[in-house]
Protein chains: 2
Amino acid sequence: MNQLQQPGHDHSSAYLIRRLQELLGPAGVITEASEQEPYLRDWLGKWHGKVSVVVRPANTEETAAVVQLCHATHTPIVTQGGNTGMSGGATPDDSGAQVILSTTRMNRIREVDPVNNTITVDAGVILAHAQEAARQAERYFPLSLGAEGSCTVGGNLATNAGGIAVLRFGNMRELALGLEVVLPDGRIWNGLRGLRKDNTGYDLRDLFIGSEGTLGVITGAVLKLFAQPHARATAWVGAASLQQLVSLLTRVRARCGERLVAFEMMSARSLELVLEHVSDTRAPLESKTAYNALIELSDTEDTGLQAMLEDVLGQALEEELISDAMFTSNQSQTAALWKIREGISQAQVRAGKAIKHDIALPISALPLFVAQAEQALADSGMTTDLINFGHLGDGNLHFNVLLPASTEYEAMKSATAAFNRLIHDLVINFNGSISAEHGVGQLRRDELKHYKSPLEMELMLRIKQAFDPNHIMNPGKLL
Amino acid sequence: MNQLQQPGHDHSSAYLIRRLQELLGPAGVITEASEQEPYLRDWLGKWHGKVSVVVRPANTEETAAVVQLCHATHTPIVTQGGNTGMSGGATPDDSGAQVILSTTRMNRIREVDPVNNTITVDAGVILAHAQEAARQAERYFPLSLGAEGSCTVGGNLATNAGGIAVLRFGNMRELALGLEVVLPDGRIWNGLRGLRKDNTGYDLRDLFIGSEGTLGVITGAVLKLFAQPHARATAWVGAASLQQLVSLLTRVRARCGERLVAFEMMSARSLELVLEHVSDTRAPLESKTAYNALIELSDTEDTGLQAMLEDVLGQALEEELISDAMFTSNQSQTAALWKIREGISQAQVRAGKAIKHDIALPISALPLFVAQAEQALADSGMTTDLINFGHLGDGNLHFNVLLPASTEYEAMKSATAAFNRLIHDLVINFNGSISAEHGVGQLRRDELKHYKSPLEMELMLRIKQAFDPNHIMNPGKLL
């Protein structure tokens, strides 16, 4: 490797910084260690790295200029949005050779078109701001997840984000119509088309979505909007088994169709953890059941939504498919249920150290998978405190294992490896996914290599080679 | 080019046929000219080609064996499903060097999973059979188009088919969860995952979808199913302008949300043509209006669907947004309206020769586009009989020009070139697509090269090179 390829080296690093300052001005270049610090670590505190410089281009053209320079100098680029990732995908390595390209200054809502039902945004727009811009135009942008107040649309696209409304509206891939991308050589691909039908060649858009910054820098997007929901009905149910919840899901879907927007599952242990660690929460039901679900319907107008939900759940109660149910009658009751569901992450942090899994399975396979996984965990002789919750309607479980907060780094590391192997082996047996919505990043890179077929890895590497032959886009992540 | 690369040549062709007969048995190999004939021409009678052999593998393994052999002998493959394409994408060239790989013997419904809401099928399954298998499991597969009785799921995937329910359910890309593909070297990629969330690397699936047989042979797919609709409300409206229909669409969408499954538009001339050329059709409204729309709502159960439609259209009538409306009160009335809409293709064939366009625009741009296109056609001095109809809810127009049936081949060819340039130039000005749902194939290959940015063409060619370096998959199509 020569000096040009090693910008961590004093000489080339100084050159790079001087050129970046010329291109972006002082506002676009951060060289002070203390100012760089927030960009160098992920919010979970799991990963930390070093860079020569953090750049914050103000627009697509500045981004293209930065990437051109990095292309010419073989400088690796780590693109970072709101830095809310769960898998270390936006944290640099510790070589000091990488550059962070932060999209956060690119935060314009470019256009809202309520007739075409689309919104066009810069990649650095915060998800909640995109939602708000849609709302102001009396439209609805449905992507919703815990970090929505700080994550960016670009990050959502790079990781093909999911969240709580995928069941109804799909993940980010299904919500995107067009993209603008700066390619690894600094050229700009304008794919900002707001069309529902466009069959003019290969689907470049969906190749960039979910590629975690390894094929280019997404700088803008056209996203789908929907009719605003004006009615909502929410319930909490308890069931004796996961199989019963899956049967209930099937029934609610057939009856309510696309009104069903959320079907969130929590094991008894997950609920208990929230009640213990998150203030102002109380059990929605008097009886304790093995599994709970938060079910929500929504509609553009109220044609008896609550009655429909009461009817379908009432019948399930009568047939003893579920053991209990409660319906909310105002917004604060609904908010209280969502607070429980959204409190699980926080409760885990307070209760100990979690080995997190982000798996997806065919919904029909979930009960058997969970039974076999629980059995395998019991057979393993490892102490397990299983926190099983997730988006049942998407077949997406966060099948986490909680360890005591006192667990040392090395013990955590070996436990993680052991649990990963046990759980991921089973996931693959059921034709599932070891990475459903949090991305691969650094966290699951080795797991991906372990489980993906050599053929699929080869195809991905061929695409990587075709787009980024110098491997400057987010090296060390995903592939 | 050596003999191996030219299987049209006697020696290598005889070798190829002998090997194929060994691999597939007599049922899988067609060498008789008369038996080959139906595979050699498209159903519109626009394209015709020659091959040394037509193969009909019975399953994925046989397909892989065929492709391996073609890979080894550098024999180009044209994959063909139901042969119902509109763009010549499945017709061989006239060199005799190509081989047709027909998927029609691969027609098994592999699995219906009503809990996971998925169906897994061979690529050669006829679309209507997939719909029927879903119905038998009390589920709904929404892709619907004119050729559904003979087109195959594999062809629908290869062309990312659209049709009449895209507005609500998306096109084939949004309906597919997993694929099985034989790659250009004969290896089988098993991507048959039935998952709603899966972020484990690049999106290979969507690269194959819409690639028109140029990257591999799709042999199987997992498709999404939905709740069965049990209620339907249909209306026909007349409006004085396209702008008024677009405003109505916006209003119906905001009010009815995802109940809206079809919003089909027809100009007065399109309607007139159907009434003239298709038997048992009559004008739905007494008054003649510049534009007509067929609007359909559906729902899993009837919570006042008809009343909702009457209300929203009644209000539009009151405000003079539309000039007239009729509602159907039974299935045969509804069928009569759909007969008009679906009769346009037939009416065009009977009335003359049509220069067909398959364009998409942002919905908000449609009225201005049509006004400018009509003006440009008038200014051009060319005689024009414009048949403007399409899927307004998707921004997809079939903006056709009808010429007398007597028009000679050369005159047709030059008129097509002239009209294409005029209309496609305008489409591109409005950031639209020159190929919305019928695919590029042979028909629009030169147009694609003319209009795509050199950068986008370059990226596509790099993908082609990465997947099919010998260029044996459907050469002469798409790219």
Side-chain angles (χ1 to χ4, degrees), chain A residues 113-116 138 159-160 162 166 171 174 187 189 193-204 206-207 209-211 227 246 250 253-258 299-301 303-304 360 362-364 394-396 431-437 439-440 448 452 455-456 459-460 462-463 466 478, chain B residues 113-116 138 159-160 162 166 171 174 187 189 193-204 206-207 209-211 227 246 250 253-258 299-301 303-304 360 362-364 394-396 431-437 439-440 448 452 455-456 459-460 462-463 466 478:
Chain A
D113 182 341
V115 174
N116 197 41
E138 290 177 35
T159 58
N160 187 24
V166 172
N171 48 28
E174 290 171 271
R187 288 184 293 174
W189 173 56
R193 295 184 279 266
L195 305 172
R196 257 70 183 181
K197 287 180 176 171
D198 179 26
N199 280 309
T200 51
Y202 301 151
D203 183 10
L204 301 177
D206 290 320
L207 209 45
I209 295 175
S211 68
V246 167
T250 306
R253 257 191 164 153
R255 173 83 186 272
C256 308
E258 303 306 300
D299 200 349
T300 49
E301 70 179 51
T303 59
I363 294 165
S364 47
D394 311 319
N396 179 194
N431 211 4
S433 170
I434 62 163
S435 178
E437 63 172 3
V440 174
L448 192 77
K452 272 284 171 189
L455 177 57
E456 196 160 333
L459 291 175
M460 289 188 199
R462 280 199 230 164
I463 291 170
L478 187 58
Chain B
D113 182 341
V115 174
N116 196 43
E138 290 178 34
T159 57
N160 186 25
V166 172
N171 49 26
E174 290 172 272
R187 288 184 293 174
W189 173 56
R193 294 184 280 267
L195 306 172
R196 257 67 183 185
K197 286 181 177 172
D198 179 25
N199 280 308
T200 50
Y202 302 150
D203 184 10
L204 301 177
D206 290 319
L207 209 45
I209 297 174
S211 66
V246 167
T250 306
R253 257 191 163 154
R255 174 84 186 270
C256 308
E258 302 307 299
D299 201 349
T300 50
E301 70 180 52
T303 57
I363 295 167
S364 46
D394 310 319
N396 179 195
N431 209 5
S433 171
I434 61 162
S435 178
E437 63 172 5
V440 174
L448 192 75
K452 273 281 172 191
L455 177 57
E456 196 159 334
L459 291 175
M460 289 188 198
R462 282 199 228 163
I463 292 170
L478 186 58

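Quick note on labels: first sequence line is chain A, next is B, and so on, each numbered from 1.
Atom OH of residue Y202(B) and atom CG of residue D206(A) lie 14.5 Å apart, to the nearest 0.5 angstrom. To the nearest 0.5 Å, the span separating CE on M460(B) from CG on L204(A) amounts to 5.0 Å. In this structure, S433(B) OG and R193(A) CZ are separated by 7.0 Å, a value rounded to the nearest 0.5 Å. Residue E174(B) holds its CD atom at 9.0 Å from CZ of R196(A), rounded to the nearest 0.5 Å. Once rounded to the nearest 0.5 Å, the distance linking OG1 of T303(B) with CG of D299(A) reads 7.0 Å. The CD1 atom of I463(B) lies 12.5 Å from the CZ atom of R462(A); values are rounded to the nearest 0.5 Å.
For the options L207(B), L448(B), N160(B), heavy-atom pairs under 4.5 Å to chain A are most numerous at N160(B). When each of E138(A), K197(A), E258(A), R255(A) is scored by its heavy-atom pairs under 4.5 Å with chain B, the top score falls to K197(A). Chosen from A227(B), G432(B), A466(B), P114(B), the residue pairing most often with chain A at heavy-atom distances under 4.5 Å is A466(B). Residue with the most contacts toward chain A among G257(B), G395(B), G194(B), G304(B): G257(B) (heavy-atom pairs, distance under 4.5 Å). Here A436(B) is the residue among A436(B), G201(B), A360(B) with the most heavy-atom pairs under 4.5 Å with chain A. Annotation: maximal heavy-atom pairing with chain A below 4.5 Å, among N171(B), V440(B), L195(B), T250(B), occurs at L195(B). Chain A forms the most heavy-atom pairs under 4.5 Å with one residue out of V166(B), V246(B), I209(B), I434(B), and that residue is V166(B).
A donor-acceptor pair under 3.5 Å is absent between the side-chain atoms of N116(B) and the main chain of P362(A), judged by distance alone.
Looking at N396(B), the atoms closer than 4.5 Å to chain A (heavy atoms on both sides) all sit in the side chain, from C-beta outward. Only the side chain of D113(A) comes within less than 4.5 Å of a heavy atom of chain B; its backbone N, CA, C and O stay farther away.
T159(A) and N199(B) get closest at one heavy-atom pair: O-ND2, 3.4 Å. Residue S435(A) comes nearest to T200(B) through the heavy atom pair CB-CG2, 3.6 Å, listed as atom of the first residue, atom of the second, then distance. In terms of heavy atoms, E456(A) sits closest to W189(B) at OE1-NE1, 2.8 Å.
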